[in-house]
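All chains are named by letter (A, B, ...) in the order of the sequence lines, taking the proteins before the strands, and each is independently numbered beginning at 1. These numbers come from the heavy atoms of this one structure, side chains and all, not from hydrogens, waters or symmetry mates.
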Amino acid sequence: MRTRILEAAYACVSRSGMAKTTIEATAREANVSRATVYRYFPGGKDELLAGVVDFEVLRFFGRMTDAVRGSTDLLDVTGASLAFASRALAEHVVLQQVLRSEPQLLVPRINDSTNRLLPIVRQFLAPFVAAEAAAGRLRPGVDPRLAADYVARMALTYANAAGGWDLGDPVQVRALVRLVLGGVVEERHGNQADEADGLR
Amino acid sequence: MVSVDRETERRYRLTVTANRLAPFPRVAAAASQEERILDAALVCIARWGLAKTGLDDVAREAGVSRATVYRAFPGGKDAVVEAVARTELARFFSAVERRLAAADTLEDLLVAGLAEAGTRIASHGALRTLVSFEPEQILPLLAFERMDRVLAVCTAFAAPHLARFLDETTAARVAEWAARVVVSYSSWPSVEVDLTDETSVRRLVRQLFLPALETSGSTP
């Protein structure tokens, strides 16, 4: 039921924005009573909107992990995630629309969601860091926990804004991954490095 | 006599606040009227936030009349707020710049710059109030396309210093990386890295970042 309400609220946001997404409109969209919505979101509209942003952020992250499922190692998965996220965020119609019209309503909530997303990204990356350690590719003295936290943050910041990088260009993605992760894992050689393009 | 006491007390409070916000000696010993108003505005914003800060509050805090505030800032509150933001950014960048210019090695430069920036952000009263209570006033500046602009400004600022040790392309990329590190660890506190602690920052820089530059830093 919670998911159904969130789906409905998301549909409302995509149609008329965050300010106009009320408990009433969401209840109508989900075909449930207002009381039902309040049962799941006792904090009312504010909690509902925070819930929608969380919901979409996690759904986006799920799409990204699906997209990078074939990745073999830390460099590979980071490059692939960045390439996917930067493209998918730019193409995210609802995000771009609300970002233009109601950034003051959306961005603080994305910020809160990011706080909850960070540990999830860290957990997602941890096995890749552990695999590098097991293969002896982690640089000497690197603390795996520090590394996982750092890589998660870097992935999020470059996905949020590409800055001077063109993440649509596999060569640049490779250079970026080398800059950010070159201190974490040993440089690879030959063909393997070419596979780290991250675009497939 | 009473007014002298009040003036003394006011100056004392201003100094305390200024020291808390900027833990380095102010360059100008005697603040001009305009600076006094801006410092007062900063104190008000730290205390009450942006929405609840009125020009009356600023005037009272600065110990001047409302008319004096308007004379200095004919645009009213918006003009004061804009000037506060500009002044604070200038203070921030000049403090970081002093640290960058004084560094003798790439590692020291990165550590000093990150720690100085992180410490100033963490201890900035007005900024903390905004982030906690009026995030809609400040966070949109750090999201998506607008973050690109912030990154461009920070890159243009730090790259020339990094270019003492790195080729031009790498210097720009490292400058941008550093800005991202500051924003990320300042926005979402980490148990692993504390930007206000130079030892912790050095661990990040030395352990995770510098080896990347040593092996492949100058490849395009």
Practice problem: Report yes or no: is the cationic atom of A:R122 (NZ for Lys, CZ for Arg) closer than 6.0 Å to the six-membered ring centre of A:Y150, at no more than 45° off its axis? | Solution: no
Self-check item: Top of A:N111, A:L118, A:N115 for chain B proximity - count of heavy-atom pairs under 4.5 angstrom
Solution: A:N111
Quiz item: How about A:H92 and A:Q97: does a side-chain donor come under 3.5 Å of a side-chain acceptor?
Solution: no
Practice problem: Name the member of B:E136, B:E192, B:Q137 that forms the most heavy-atom pairs with chain A at distances under 4.5 Å. | Solution: B:E192
Self-check item: Per-residue contact mode, B:I138 against chain A (heavy atom under 4.5 angstrom)
Solution: neither
Self-check item: A:A19 backbone acceptor or donor facing A:K45 side chain under 3.5 Å
Solution: yes
Quiz prompt | Part of B:L151 lying under 4.5 Å from any heavy atom of chain A | solution = side chain
Exercise. Could you tell me which portion of B:A143 (side chain, backbone, both or neither) has an atom closer than 4.5 angstrom to a non-hydrogen atom of chain A?
Key: both
Quiz item: With a 4.0 Å cut-off, would you call A:R63 and A:D66 a salt bridge?
Solution: no
Self-check item: Most chain A-contacting option - heavy-atom pairs closer than 4.5 Å, from B:P135, B:P140, B:A152, B:A172
Solution: B:P140
Exercise. Taking the side chain as every heavy atom from C-beta outward, state whether A:L95 and A:I110 have any pair of such atoms under 4.5 Å apart.
Key: yes
Quiz item: Side chain, backbone, both or neither: which part of A:L89 has a non-hydrogen atom closer than 4.5 Å to chain B?
Solution: side chain
Quiz item: Between B:E116 and B:R99, does at least one N-O distance fall below 4.0 Å, as a salt bridge requires?
Solution: yes
Quiz item: Among B:L208, B:V183, B:L139, which has the most heavy-atom pairs under 4.5 Å with chain A?
Solution: B:L208
Quiz item: What part of A:L146 is in contact with chain B, defined as an atom under 4.5 angstrom from a non-hydrogen atom: side chain, backbone, both or neither?
Solution: both
Quiz item: Checking B:T53 side chain against B:G49 main chain: does a donor-acceptor pair fall under 3.5 Å?
Solution: yes
Quiz item: Any Lys/Arg nitrogen of B:D108 or B:R202 sitting under 4.0 Å from an Asp/Glu carboxylate oxygen of the other?
Solution: yes
Practice problem: May I ask you to name which of A:R145, A:M154, A:Q96 has the most heavy-atom pairs under 4.5 Å with chain B? | Solution: A:R145
Practice problem: Name the region of A:L99, side chain, backbone, both or neither, that has any atom closer than 4.5 Å to a heavy atom of chain B. | Solution: side chain
